[in-house]
Novice: 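What follows is a structure written as structure tokens; I'll ask about it next.
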Amino acid sequence: MSTDIASGARARTRRAIVDAAIRTLAQDAGASLGQIADAADVGRTTLHRYFPERGDLLAAVAEEAGTRLAAVADRARLDDGPGLDAILRACQECLRLGDLLTLVFTGLVPLEECDPADGFTHALDAACTRGLADGSLDTRLSAAWVQTTVWASLYAAWSELAQGTSGPHDVVTQLLLTVGKGLAAPDPPAR
């Protein structure tokens, strides 16, 4: 067997374990490595070959979270256009993180551990600062307040999706309406 084939199989197995860990831990933060191995359809011995300790697996999940958050920043084009438009795109893209948002919001994978200094949070902060400068965001708000409001609104949307009380389309609509109206610069007075 060639090394490329073996390394491709190893990469697929590692990915399957990390993906299973994200799904399983989102359902049960205390899930055992055995439960994660079952969800990944691998034996415990195989899981331990890749991740000898639970901490090793959680570090890999945090690394994957950072990768996916970077992809969110890219898809949302956080450095393009008016700040508010970029923030609204980021909100939509963040909801696609699904179970990964659960791990971030429950603190199992703290945002500060998975988001590098120049990662998603930095790009979102730059969009907030740009929005305050370009007039798309209400200048009575600070960039920190804008970012906190975005995360709080994402948490509300994630909670709604997790509870299943509203469909995804309704949740996205409400999220964008809340963030858009709550952060937008006020209309100029009529003359």
Novice: Out of curiosity, L132 CG to L137 CG, how far, rounded to the nearest 0.5 Å?
Specialist: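 If we round to the nearest 0.5 Å, L132:CG and L137:CG are 5.0 Å apart.
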Novice: To the closest 0.5 Å, what do you measure between CD (Q92) and CG (L154)?
Specialist: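 If we round to the nearest 0.5 Å, Q92:CD and L154:CG are 11.0 Å apart.
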Novice: Could you report the tightest heavy-atom contact between L78 and A127, atom names first, then the distance?
Specialist: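 The answer is O-CB, 3.7 Å.
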Novice: Which atoms form the tightest heavy-atom contact between D80 and A86, and what is the distance?
Specialist: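 Shortest heavy-atom contact: O-CB, 3.9 Å.
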Novice: Check the pair F51, V18 against side-chain contact (heavy atoms from CB on, under 4.5 Å), reporting the backbone distance first and the verdict last.
Specialist: CA-CA 10 Å; F51 305 103; V18 171; 3.8 Å; yes
Novice: Quick check: closest heavy atoms across P186 and R140, and the distance to 0.1 Å?
Specialist: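 So the minimum-distance heavy-atom pair works out to CG-NH2, 4.0 Å.
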Novice: Distance-only, no hydrogens or angles: does the D85 side chain make a donor-acceptor pair with backbone N or O of P82 under 3.5 Å?
Specialist: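 Pair absent, no side-chain N/O of D85 close to backbone of P82.
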Novice: Given side chain to side chain donor-acceptor pair (under 3.5 Å), test R10 with T13 step by step and report yes or no.
Specialist: CA-CA 5 Å; R10 283 190 55 78; T13 301; over 6 Å; no
Novice: Group every Ile, Leu, Val, Met, Phe, Trp and Tyr by side-chain heavy-atom contacts under 4.5 Å, then state whether V150 and W145 land in the same group.
Specialist: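 Looking at the clustering, W145 is in the same group as V150.
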Novice: Working to the nearest 0.5 Å, report the span between SG of C128 and CG of L141.
Specialist: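 Answer rounded to 0.5 Å: 10.0 Å.
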Novice: Determine the interplanar angle of the W151 and F105 rings, folded into 0 to 90°, and report it as parallel if under 30°, tilted if 30 to 60°, perpendicular if over 60°.
Specialist: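 The rings of W151 and F105 stand perpendicular, inter-plane angle above 60°.
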Novice: Do the side chain of R14 and the main chain of Y50 share a donor and acceptor less than 3.5 angstrom apart?
Specialist: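 Judged by distance alone, no pair lies under 3.5 Å.
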Novice: Show the nearest heavy-atom pair for residues A76 and R89, with the distance to one decimal.
Specialist: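 For A76 and R89, the tightest heavy-atom pair comes out as O-NE, 2.6 Å.
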Novice: Closer than 3.5 angstrom, by distance alone: can the side chain of Q174 be matched with the main-chain N or O of D170 as a donor-acceptor pair?
Specialist: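 Yes, because the side chain of Q174 sits within donor-acceptor range (under 3.5 Å) of the backbone of D170.
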Novice: May I ask you to test the T121-Q147 pair for a side-chain heavy-atom distance under 4.5 Å?
Specialist: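 Side chain of T121 against side chain of Q147, heavy atoms only: contact under 4.5 Å found.
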Novice: Output the distance between atom CD1 (I17) and atom CD1 (I36), rounded to the nearest 0.5 Å.
Specialist: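 I17 CD1 to I36 CD1: 9.5 Å, rounded to 0.5 Å.
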Novice: Rounded to the nearest 0.5 Å, what separation is found between the CG atom of L101 and the CZ atom of R96?
Specialist: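 Interatomic distance, L101 CG to R96 CZ, rounded to 0.5 Å: 12.5 Å.
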Novice: To the nearest 0.5 angstrom, please state how far the CZ atom of R130 sits from the CG atom of L84.
Specialist: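 Output value for this atom pair is 10.5 Å.
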Novice: Answer yes when D99 and R68 have at least one side-chain N-carboxylate O distance shorter than 4.0 Å, and no when they do not.
Specialist: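 Result for this pair is no, no salt bridge flagged.
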Novice: For C94 and V72, which heavy atoms make the closest approach, and how far apart are they?
Specialist: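 So the two residues come closest at SG-CG1, 3.9 Å.
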Novice: Within a strict 4.5 Å, meaning less than it, do heavy atoms of the T24 and D28 side chains meet?
Specialist: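 No, their side chains stay 4.5 Å or more apart.
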Novice: Considering all heavy atoms of both residues, which atom of D134 and which atom of G83 are nearest to each other, and what is their separation?
Specialist: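 Heavy atoms only, the tightest pair is OD2-N, 2.9 Å.
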Novice: Just do the side-chain contact (heavy atoms from CB on, under 4.5 Å) check on V179 and T149 with the steps written out, would you?
Specialist: CA-CA 8 Å; V179 172; T149 301; 5.7 Å; no
Novice: Are there more than 12 heavy atoms of other residues, nucleotides or ligands under 6.0 Å from atom CZ of R54?
Specialist: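 More than 12 heavy atoms, drawn from other residues, nucleotides or ligands, come within 6.0 Å of this atom.
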Novice: With side-chain contact (heavy atoms from CB on, under 4.5 Å) as the test, pick out the partner of L124 among L69, V146, I87, T129.
Specialist: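 Option passing the side-chain contact (heavy atoms from CB on, under 4.5 Å) with L124: I87.
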Novice: So, does Q35 use its side chain to make a donor-acceptor pair with the main chain of S32 at under 3.5 Å?
Specialist: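 Between the backbone of S32 and the side chain of Q35 there is a qualifying donor-acceptor contact (under 3.5 Å).
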Novice: Kindly indicate, with the supporting measurements, whether the criterion side-chain contact (heavy atoms from CB on, under 4.5 Å) is fulfilled by L25 and L58.
Specialist: CA-CA 10 Å; L25 293 170; L58 288 176; 3.7 Å; yes
Novice: Ignoring hydrogens and geometry, is there a side-chain-to-backbone donor-acceptor pair from T139 to G135 under 3.5 Å?
Specialist: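 Not a single qualifying donor-acceptor pair exists.
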Novice: Given the rule that I, L, V, M, F, W and Y join up when any side-chain heavy atoms are under 4.5 Å apart, are L177 and V172 in one cluster?
Specialist: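 L177 and V172: separate clusters.
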